[in-house]
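Here the structure comes first, spelled out in structure tokens, and everything after it is commentary.
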Protein chains: 4
Amino acid sequence: MKIKVDHHSDIPVYKQIVVAIKDMILANELIEGEALPSVRKLAINLGVNPNTIAKVFFILQSEGYVDSKPGIGYYVAKPPPSSIEKRLMDLDDAMRRIILKMKRFALSEEEINKRFSAIMEGVFENERNRS
Amino acid sequence: MKIKVDHHSDIPVYKQIVVAIKDMILANELIEGEALPSVRKLAINLGVNPNTIAKVFFILQSEGYVDSKPGIGYYVAKPPPSSIEKRLMDLDDAMRRIILKMKRFALSEEEINKRFSAIMEGVFENERNRS
Amino acid sequence: MKIKVDHHSDIPVYKQIVVAIKDMILANELIEGEALPSVRKLAINLGVNPNTIAKVFFILQSEGYVDSKPGIGYYVAKPPPSSIEKRLMDLDDAMRRIILKMKRFALSEEEINKRFSAIMEGVFENERNRS
Amino acid sequence: MKIKVDHHSDIPVYKQIVVAIKDMILANELIEGEALPSVRKLAINLGVNPNTIAKVFFILQSEGYVDSKPGIGYYVAKPPPSSIEKRLMDLDDAMRRIILKMKRFALSEEEINKRFSAIMEGVFENERNRS
DNA sequence: GTGGTCTAGACCACG
DNA sequence: GTGGTCTAGACCACC
């Protein structure tokens with residue numbers, strides 16, 4: 001399990017890991033029933049304190065993303081329905097905020113469209129080349 | 001000077017204010033040479049401690065966005081050239097990250113385009129109505 | 001870590017400590033990766049408020065001299081290259097200013113040389129005795 | 001009367017002006033009996049507050065560098081004897097401190113001598129060319 | 001324990 | 001009035 005942790009970010013480490021794992025589950029990169037790494041292993045793997053990972057799993061469990069089998073470990077649960085839609089709306093909001101900032105910096109509708117297209121180009125170029 | 005401060009955000013108050021003022025300068029909403037509100041007044045205005053504002057101005061000054069005349073007040077300085085370009089690149093990066101997340105959640109290129117257009121629609125509808 | 005702090009100097013305490021630590025790093029008396037004393041301990045050690053030390057480390061970090069691992073402590077970073085050269089040029093400038101003052105007080109080139117030699121004598125006498 | 005005032009220095013403006021005028025007197029650039037500019041004129045000239053200049057003159061007078069003729073103005077007095085020697089010892093001290101810093105940054109006696117000579121060269125080259 | 005942030009309140013120098 | 005500094009003390013997140 002590969003998660004980038006930024007110790008200098010304002011977002012606390014445990015939150016970074018929580019959303020990273022949530023996103024893996026929502027993106028079906030972790031499938032229902034799959035076992036999560038042990039607290040200790042993940043802690044070493046990510047270079048953080050085991051307490052931090054324990055907190056992460058506690059939060060994920062309380063929000064219904066994972067189940068615990070005491071003495072054995074944690075398993076991916078079925079994510080709450082509509083959680084994916086909610087996540088997408090958050091992304092929409094984030095996108096809207098960025099667009100508003102660009103607009104504030106005097107970028108025209110056209111210029112913003114151009115920037116967006118350039119980024120999309122970069123993100124999807126691999127697929128196109130492959131086909 | 002109107003700045004929204006969220007005391008419950010992970011981003012510390014002083015940083016929220018720093019970027020808010022930076023963006024006002026970069027967006028030319030504050031123009032070079034203009035006087036900023038005094039530390040104490042802004043502190044009362046935003047409902048934070050004067051020390052917090054002092055820290056904000058200290059950082060803005062060390063980054064070259066404002067200049068202080070001790071005993072008189074703070075003034076908007078000429079922002080380092082290319083700082084606006086750098087800011088726009090940061091926004092591009094943020095947008096790219098959002099797009100990648102959407103893609104990861106199995107949205108197709110087309111679907112992402114649609115979402116983006118819908119947001120742009122919302123942001124620019126006023127202008128279009130006016131014309 | 002021994003730093004002399006003069007509370008009656010015009011130079012603010014936090015700046016005195018900043019340059020003292022910077023110079024230790026530039027002089028390789030603190031080596032890269034070495035842990036610095038904790039904020040609280042150094043504060044007690046130097047007889048100043050923890051906030052003052054926090055400010056010191058904040059500045060040193062923003063200038064790239066140290067790195068923080070929140071919850072663990074501060075560590076000496078690799079100082080920006082050429083920072084030592086810049087420091088030496090500052091010293092040259094200071095020396096030039098002194099020489100100009102002496103000249104202004106009607107000291108001849110010869111007399112200034114003599115004063116300089118006398119000082120050098122005092123500074124390096126130990127070494128010479130040893131050899 | 002030309003004095004450089006640095007509003008961003010840690011040394012308060014009034015002190016900067018005090019030593020500047022003291023040095024002019026010690027260097028005989030202002031001679032005994034000469035009239036000093038009026039408080040208001042000097043304030044405008046240097047771009048500082050008249051109160052600051054008043055304080056400067058007050059200090060200079062209390063240290064015996066100037067006399068006041070109430071209702072008329074300030075005049076250069078005979079500087080306290082040996083004040084010039086004291087000033088030179090201060091300069092020696094400053095020079096010694098610089099040399100010690102250089103030594104700390106691993107410069108050898110030879111290297112320091114070289115730097116000093118280079119600076120002296122620069123300071124005295126005009127004279128030599130003239131002769 | 002550590003760093004990071006914030007508040008409250010004080011004093012100084014300067015305008 | 002202004003900025004600049006410092007103290008005292010608190011709370012949080014993280015190790």
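Note that these values count all heavy atoms, side chains included, but never hydrogens, waters or copies made by symmetry. In this text the structure is predicted, and so the values were computed from the model without any measurement. So that the names make sense, note that chain A is the first sequence line, chain B the second, and so on, each numbered from 1.
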Send over the distance from [X] [atom1] to [N] [atom2], rounded to a whole Å.
| X | N | atom1 | atom2 | value |
| --- | --- | --- | --- | --- |
| A/His8 | E/dG3 | NE2 | P | 13 Å |
| C/Asp10 | E/dC12 | CG | C1' | 11 Å |
| C/Ile17 | F/dT7 | CD1 | P | 9 Å |
| A/Ile53 | F/dC15 | CD1 | P | 9 Å |
| B/Tyr75 | F/dT2 | OH | C1' | 10 Å |
| C/Lys55 | E/dG3 | NZ | C1' | 18 Å |
| B/Leu42 | E/dT7 | CG | P | 12 Å |
| A/Asn49 | E/dG3 | CG | P | 16 Å |

Would the base of E/dG3 count as contacting C/Arg40 through its side chain, where contact means a donor and an acceptor less than 3.5 Å apart? yes
Please figure out whether C/Pro37 or B/Tyr14 has its closest DNA chain E nucleotide nearer the 5' end. C/Pro37
Between C/Leu36 and B/Ile72, just flag the one whose closest nucleotide in DNA chain E comes earlier from the 5' side. C/Leu36
Most 5' of C/Asn51 and C/Gly71 on DNA chain F, judged by nearest nucleotide: C/Asn51
Nearest-nucleotide comparison on DNA chain F, the residue closer to the 5′ end among C/Val13 and B/Lys69: B/Lys69
How close do D/Ile25 and D/Ala77 get, counting heavy atoms only, and between which atoms? CG2-O, 4.4 Å
Phosphate oxygens OP1/OP2 of F/dT2: is one of them under 4.0 Å from a side-chain N or O of B/Ser68? no
Between C/Asp93 and C/Arg96 (salt bridge meaning N to carboxylate O under 4.0 Å), is one present in this structure? yes
Taking B/Ser83 for its side chain and B/Pro80 for its backbone only, find out whether a donor-acceptor pair lies under 3.5 Å. yes
Can you identify which nucleotide, out of F/dG4, F/dC6, E/dG4, has its nearest atom closest to the C/Tyr74 side chain? E/dG4
From C-beta outward on D/Thr52, which listed nucleotide comes closest to its side chain: E/dG15, E/dT2, F/dG3? E/dG15
I want to check a possible cation-pi pair here: B/Lys55 against C/Phe58, using under 6.0 Å from ring centre and within 45° of the ring axis as the test. yes
Is the terminal nitrogen or CZ of D/Lys69 (NZ for Lys, CZ for Arg) located under 6.0 angstrom from the six-membered ring centre of D/Tyr75 and within 45° of that ring's axis? yes
Base, sugar-phosphate alone, or nothing: which one does A/Val48 contact when heavy atoms must sit under 4.0 Å apart? nothing
